[in-house]
Participant: 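Okay, handing you the structure first.
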Amino acid sequence: MKLLDEIADIGRDPVSGGYVRYAWTEPELALRDWFRDQATQRGLALEDDGNGNIFAWWGSGPDAVLTGSHLDSVPHGGAYDGPLGVVSALLAIDELRQRGVKPAKPIGIAVFAEEEGSRFGLACLGSRLLTGAVAPDQVDLQGVFEPVGRRQDILDRIGCFVELHIEQGRALQRPVGVASAIWPHGRWRLDFAGEPNHAGTTQMGDRRDPMLTFAFTVLAANKEARLRHAHATIGRVQVAPNATNAIPSSVRAWLDARAPSPEIVDELVEALRAKASERASRDGTTVTMTAESITPAIEFHIGLRDRLARLLDAPILPTGAGHDAGVLSAYVPTAMLFVRNPTGVSHSPLEYAADEDCEAGVTALADVLQDLTC
Ligand SMILES: [Zn+2]
């Protein structure tokens, strides 16, 4: 896709081939400059909201139809997650103008800051600040940025928000789909404690090795998730003292759990807690599980969802991934369009969408903007 190719080299790691575009770092700032330039070329009016988010407006006044996404990435992420929504928004405006459409309502493109939470740890930081879902004093931006917080005046101008995003699984068989909901999800910290000792002199029967309890828990998380058609991932771990010839004193790991309903997430976590504790008692270790964040299920606006699905003759599907649209949906009617991902790979350099599907996404977004503003 031509406009996406323009930014293909910004923040790309030459070794992994993935993108490292953290909020307010040099590559992400370069992308913002690129976006401002693109908006200006199209005669759009730029507005910074004081929370790191950028808006580009075609027309002014209330009841605006907002689209857009984010430009930051996870560590070594793909080219499409975020930028596809921003680029498609710019191209959809081009398409509307080629069609000679004169929208009766303003159209806005948003670029939300720190959607991935890769730099400061809180996903959807920009949209949470804009909406007041978090207050400036609840976040530590390490002096990099001083956010102003909730902007009621901007929220009052938004009639609805439609985010286009690459699909992050393989569920979508057609070029474009409409989101129904975001699965509830949460993060738990698991602390396993045992007794540090010598790897050579400690008899196997005398050990209190927290690594064993941890290893069992990883396998149990996978099994409990499969049993419930849920998703459980342990992708981050810290071992102390982390020495080859020492039985560890402690293992700290993080569980990411997601499911179609909050009851299933709770069931999964409680089953895992019971299994890990039982194993810990056999290993002579201890385990505690602490919830670090829990995000409830998000049901997108049903009327808007159905209108888009009818207009585009597109399938409706849920997702396990979080988005700015999930945050906005608590404040304004919100919908999402997904563009097919043939491999389902995302948050990886291998993330891919075909050019034809990306173009179908632009056409679909232009159709949606036209339908909602005319
Ligand atoms: Zn994204």
Participant: Is the shortest side-chain N to carboxylate O distance from Glu359 to Lys2 below 4.0 Å?
Facilitator: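 Answer for the salt bridge query: no.
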
Participant: Using only heavy-atom distances, determine whether the side chains of Gln41 and Asp37 contain a donor-acceptor pair under 3.5 Å.
Facilitator: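 Yes, Asp37 and Gln41 have a side-chain donor paired with an acceptor closer than 3.5 Å.
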
Participant: May I ask you to decide whether Lys275 forms a salt bridge with Glu278, counting only side-chain N to carboxylate O separations under 4.0 Å?
Facilitator: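 The answer is no: the pair does not qualify as a salt bridge.
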
Participant: Would you call Arg307 and Leu372 a side-chain contact if the rule is heavy atoms closer than 4.5 Å?
Facilitator: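 Yes, at least one pair of side-chain atoms sits under 4.5 Å.
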
Participant: When you measure from the centre of the six-membered ring of Phe35, is the NZ or CZ of Arg32 closer than 6.0 Å and no more than 45° off the axis?
Facilitator: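 That pair does not qualify as a cation-pi contact.
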
Participant: Check this for me, if you would: do Asp209 and Arg207 make a salt bridge, where the nitrogen-to-carboxylate-oxygen distance has to be below 4.0 angstrom?
Facilitator: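 Judged by the 4.0 Å cut-off on N to carboxylate O distance, Asp209 and Arg207 do not form a salt bridge.
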
Participant: Which heavy atom in Pro241 sits nearest to a heavy atom in Ile247, and how many Å separate them?
Facilitator: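 For Pro241 and Ile247, the tightest heavy-atom pair comes out as CD-O, 4.4 Å.
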
Participant: Taking 4.0 angstrom as the limit, do Arg187 and Glu292 come out as a salt bridge?
Facilitator: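 Salt bridge: no.
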
Participant: Would Asp48 and Arg36 pass as an ion pair if we require N to O under 4.0 Å?
Facilitator: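 Result for this pair is yes, salt bridge flagged.
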
Participant: Looking at Arg208 and Asp283, does any basic side-chain N land under 4.0 Å from a carboxylate oxygen?
Facilitator: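 Asp283 and Arg208: not salt-bridged.
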
Participant: Taking atom types as modelled, is there a side-chain donor on Asp81 or His347 under 3.5 Å from an acceptor on the other?
Facilitator: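 Indeed, the side chains of Asp81 and His347 share at least one donor-acceptor pair under 3.5 Å.
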
Participant: Show me the pairs that pass salt bridge (Lys or Arg N to Asp or Glu O under 4.0 Å) and involve residues 104-120, at least two apart or across chains.
Facilitator: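 Only Asp63-Lys105 qualify under salt bridge (Lys or Arg N to Asp or Glu O under 4.0 Å).
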
Participant: Does Arg273 make a cation-pi contact with Trp188, if we ask for NZ or CZ under 6.0 Å from the ring centre and within 45° of the axis?
Facilitator: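 Output no; distance or angle outside limits.
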
Participant: Any side-chain heavy-atom pair from Phe55 and Ile109 closer than 4.5 angstrom?
Facilitator: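 They are not in side-chain contact.
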
Participant: Please examine the side chains of Val332 and Cys160, heavy atoms only from C-beta on, and report whether any two atoms are closer than 4.5 Å.
Facilitator: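 Not in contact.
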
Participant: Please determine if Arg236 forms a cation-pi arrangement with Trp254, meaning its NZ or CZ atom is less than 6.0 Å from the six-membered ring centre and no more than 45° off the ring axis.
Facilitator: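 Yes, Arg236 sits over the ring of Trp254.
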
